[in-house]
Amino acid sequence: PSHDNEELVRYVTVIVLSCFAGVVDFVNRKHRSDTPMKTILFNLFAKLCMSAFAGLLTYWILQERSHNGIVMLNGYSAVAISLSGYAGNQFVNILSSIWLAIVEKGGKK
(Lines give C-alpha, C1' and ligand atoms only; values in the text may rest on other atoms or scores of the structure.)
Protein backbone atom coordinates (compact mmCIF):
# COMPACT_ATOMS: atom_id res chain seq x y z
CA PRO A 1 0.00 0.00 0.00
CA SER A 2 2.82 2.44 0.76
CA HIS A 3 4.29 2.01 -2.73
CA ASP A 4 0.92 2.91 -4.28
CA ASN A 5 0.71 6.09 -2.20
CA GLU A 6 4.23 7.10 -3.23
CA GLU A 7 3.36 6.59 -6.89
CA LEU A 8 0.15 8.60 -6.51
CA VAL A 9 2.09 11.43 -4.87
CA ARG A 10 4.61 11.35 -7.74
CA TYR A 11 1.87 11.59 -10.37
CA VAL A 12 0.11 14.41 -8.53
CA THR A 13 3.43 16.26 -8.26
CA VAL A 14 4.11 15.78 -11.98
CA ILE A 15 0.66 17.06 -12.92
CA VAL A 16 0.95 20.07 -10.58
CA LEU A 17 4.39 20.96 -11.99
CA SER A 18 3.08 20.65 -15.53
CA CYS A 19 -0.07 22.64 -14.84
CA PHE A 20 1.95 25.40 -13.20
CA ALA A 21 3.67 25.88 -16.54
CA GLY A 22 0.25 26.11 -18.18
CA VAL A 23 -0.83 28.78 -15.72
CA VAL A 24 2.37 30.74 -16.39
CA ASP A 25 1.70 30.55 -20.14
CA PHE A 26 -1.92 31.59 -19.60
CA VAL A 27 -1.00 34.58 -17.43
CA ASN A 28 1.77 35.53 -19.85
CA ARG A 29 -0.80 35.93 -22.62
CA LYS A 30 -2.94 38.78 -21.44
CA HIS A 31 -6.60 38.52 -22.32
CA ARG A 32 -8.62 41.48 -23.42
CA SER A 33 -11.06 42.82 -20.87
CA ASP A 34 -13.99 42.28 -23.26
CA THR A 35 -13.32 38.54 -23.50
CA PRO A 36 -16.19 36.58 -21.91
CA MET A 37 -15.33 34.79 -18.66
CA LYS A 38 -16.44 31.45 -20.17
CA THR A 39 -13.85 31.84 -22.92
CA ILE A 40 -11.13 32.78 -20.46
CA LEU A 41 -11.89 29.79 -18.23
CA PHE A 42 -12.07 27.44 -21.21
CA ASN A 43 -8.68 28.67 -22.45
CA LEU A 44 -7.20 28.16 -18.99
CA PHE A 45 -8.65 24.64 -18.79
CA ALA A 46 -7.30 23.80 -22.27
CA LYS A 47 -3.82 25.03 -21.34
CA LEU A 48 -3.87 23.02 -18.10
CA CYS A 49 -4.83 19.86 -20.01
CA MET A 50 -2.13 20.38 -22.63
CA SER A 51 0.49 21.11 -19.97
CA ALA A 52 -0.46 18.08 -17.89
CA PHE A 53 -0.30 15.84 -20.97
CA ALA A 54 3.14 17.13 -21.99
CA GLY A 55 4.40 16.83 -18.41
CA LEU A 56 3.16 13.25 -18.10
CA LEU A 57 4.84 12.33 -21.39
CA THR A 58 8.09 13.79 -20.11
CA TYR A 59 7.72 11.92 -16.83
CA TRP A 60 7.17 8.66 -18.69
CA ILE A 61 10.22 9.31 -20.87
CA LEU A 62 12.29 9.98 -17.74
CA GLN A 63 10.83 6.85 -16.16
CA GLU A 64 11.81 4.77 -19.18
CA ARG A 65 15.36 6.16 -19.07
CA SER A 66 15.81 5.50 -15.34
CA HIS A 67 17.58 2.37 -14.12
CA ASN A 68 14.84 1.00 -11.92
CA GLY A 69 11.77 2.69 -13.46
CA ILE A 70 11.50 5.19 -10.60
CA VAL A 71 12.04 8.85 -11.38
CA MET A 72 13.46 10.85 -8.52
CA LEU A 73 11.65 14.18 -8.49
CA ASN A 74 14.75 16.28 -8.09
CA GLY A 75 15.62 19.63 -9.63
CA TYR A 76 16.49 18.16 -13.03
CA SER A 77 13.26 16.23 -13.44
CA ALA A 78 11.16 19.10 -12.07
CA VAL A 79 12.69 21.53 -14.57
CA ALA A 80 12.25 19.06 -17.44
CA ILE A 81 8.61 18.42 -16.55
CA SER A 82 7.80 22.13 -16.11
CA LEU A 83 9.53 23.17 -19.32
CA SER A 84 7.81 20.43 -21.27
CA GLY A 85 4.47 21.62 -19.89
CA TYR A 86 5.20 25.14 -21.11
CA ALA A 87 6.67 23.97 -24.42
CA GLY A 88 3.73 21.64 -24.97
CA ASN A 89 1.42 24.65 -25.02
CA GLN A 90 3.69 26.49 -27.42
CA PHE A 91 3.93 23.46 -29.71
CA VAL A 92 0.15 23.08 -29.87
CA ASN A 93 -0.17 26.80 -30.66
CA ILE A 94 2.36 26.44 -33.48
CA LEU A 95 0.58 23.39 -34.90
CA SER A 96 -2.80 25.12 -34.77
CA SER A 97 -1.37 28.17 -36.56
CA ILE A 98 0.09 25.95 -39.28
CA TRP A 99 -3.21 24.09 -39.60
CA LEU A 100 -5.20 27.33 -39.90
CA ALA A 101 -2.79 28.64 -42.54
CA ILE A 102 -3.17 25.42 -44.55
CA VAL A 103 -6.96 25.50 -44.29
CA GLU A 104 -7.15 29.17 -45.25
CA LYS A 105 -4.79 28.69 -48.18
CA GLY A 106 -6.74 25.63 -49.34
CA GLY A 107 -9.97 27.65 -49.39
CA LYS A 108 -8.44 30.40 -51.60
CA LYS A 109 -7.63 28.24 -54.62
Side-chain angles (χ1 to χ4, degrees):
S2 175
H3 178 66
D4 292 339
N5 288 340
E6 290 175 11
E7 190 170 342
L8 177 64
V9 168
R10 264 192 233 110
Y11 273 101
V12 168
T13 304
V14 166
I15 290 172
V16 167
L17 282 171
S18 305
C19 287
F20 182 71
V23 170
V24 169
D25 183 48
F26 179 78
V27 170
N28 193 26
R29 298 176 187 274
K30 295 178 182 165
H31 293 279
R32 296 184 314 228
S33 61
D34 60 342
T35 304
M37 184 56 83
K38 283 184 180 180
T39 304
I40 291 172
L41 292 176
F42 178 77
N43 288 339
L44 175 61
F45 179 73
K47 287 196 180 296
L48 292 176
C49 289
M50 288 185 289
S51 295
F53 178 69
L56 281 173
L57 286 178
T58 303
Y59 176 74
W60 290 329
I61 289 170
L62 291 172
Q63 193 174 36
E64 183 66 30
R65 300 297 299 164
S66 68
H67 295 288
N68 55 5
I70 297 174
V71 177
M72 299 305 290
L73 291 176
N74 55 20
Y76 169 76
S77 60
V79 167
I81 290 166
S82 294
L83 285 177
S84 69
Y86 184 79
N89 277 317
Q90 299 302 318
F91 184 67
V92 169
N93 290 336
I94 290 168
L95 286 180
S96 65
S97 297
I98 291 170
W99 177 254
L100 288 174
I102 290 170
V103 169
E104 287 177 5
K105 187 176 180 181
K108 295 182 182 180
K109 288 184 178 180

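Values below: all heavy atoms of this structure, side chains included; hydrogens, waters and symmetry mates excluded.
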ask   = In the single-linkage hydrophobic clustering (I, L, V, M, F, W, Y; side-chain heavy atoms under 4.5 Å), do Trp60 and Val14 co-cluster?
value = yes
ask   = Which residues satisfy the side-chain contact (heavy atoms from CB on, under 4.5 Å) test with Leu48, sequence neighbours excluded?
value = Cys19, Val23, Leu44
ask   = What residues, two or more places apart in sequence or in another chain, satisfy side-chain contact (heavy atoms from CB on, under 4.5 Å) together with Ile94?
value = Ile98
note = On a heavy-atom basis, the closest approach of Ser51 and Gly85 is OG-O, 3.3 Å
note = CG (Leu62) and CG (Leu57) are apart, to the nearest 0.5 Å, by 11.0 Å
ask   = Excluding sequence neighbours, so at least two apart, what forms side-chain hydrogen bond (donor to acceptor under 3.5 Å, both in side chains) with Tyr76?
value = none
ask   = Cluster partners of Leu83, using ILVMFWY side-chain heavy atoms under 4.5 angstrom, listed by chain and number?
value = Val79
ask   = Any chance OH of Tyr11 has more than 12 other-residue heavy atoms, nucleotides or ligands included, within less than 6.0 Å?
value = yes
message = Could you work out, with side-chain hydrogen bond (donor to acceptor under 3.5 Å, both in side chains) as the rule, every residue matching Ser84, not counting sequence neighbours?
response = Thr58
Tyr59 OH to Glu64 CD distance, which is reported to the nearest 0.5 Å = 12.5 Å
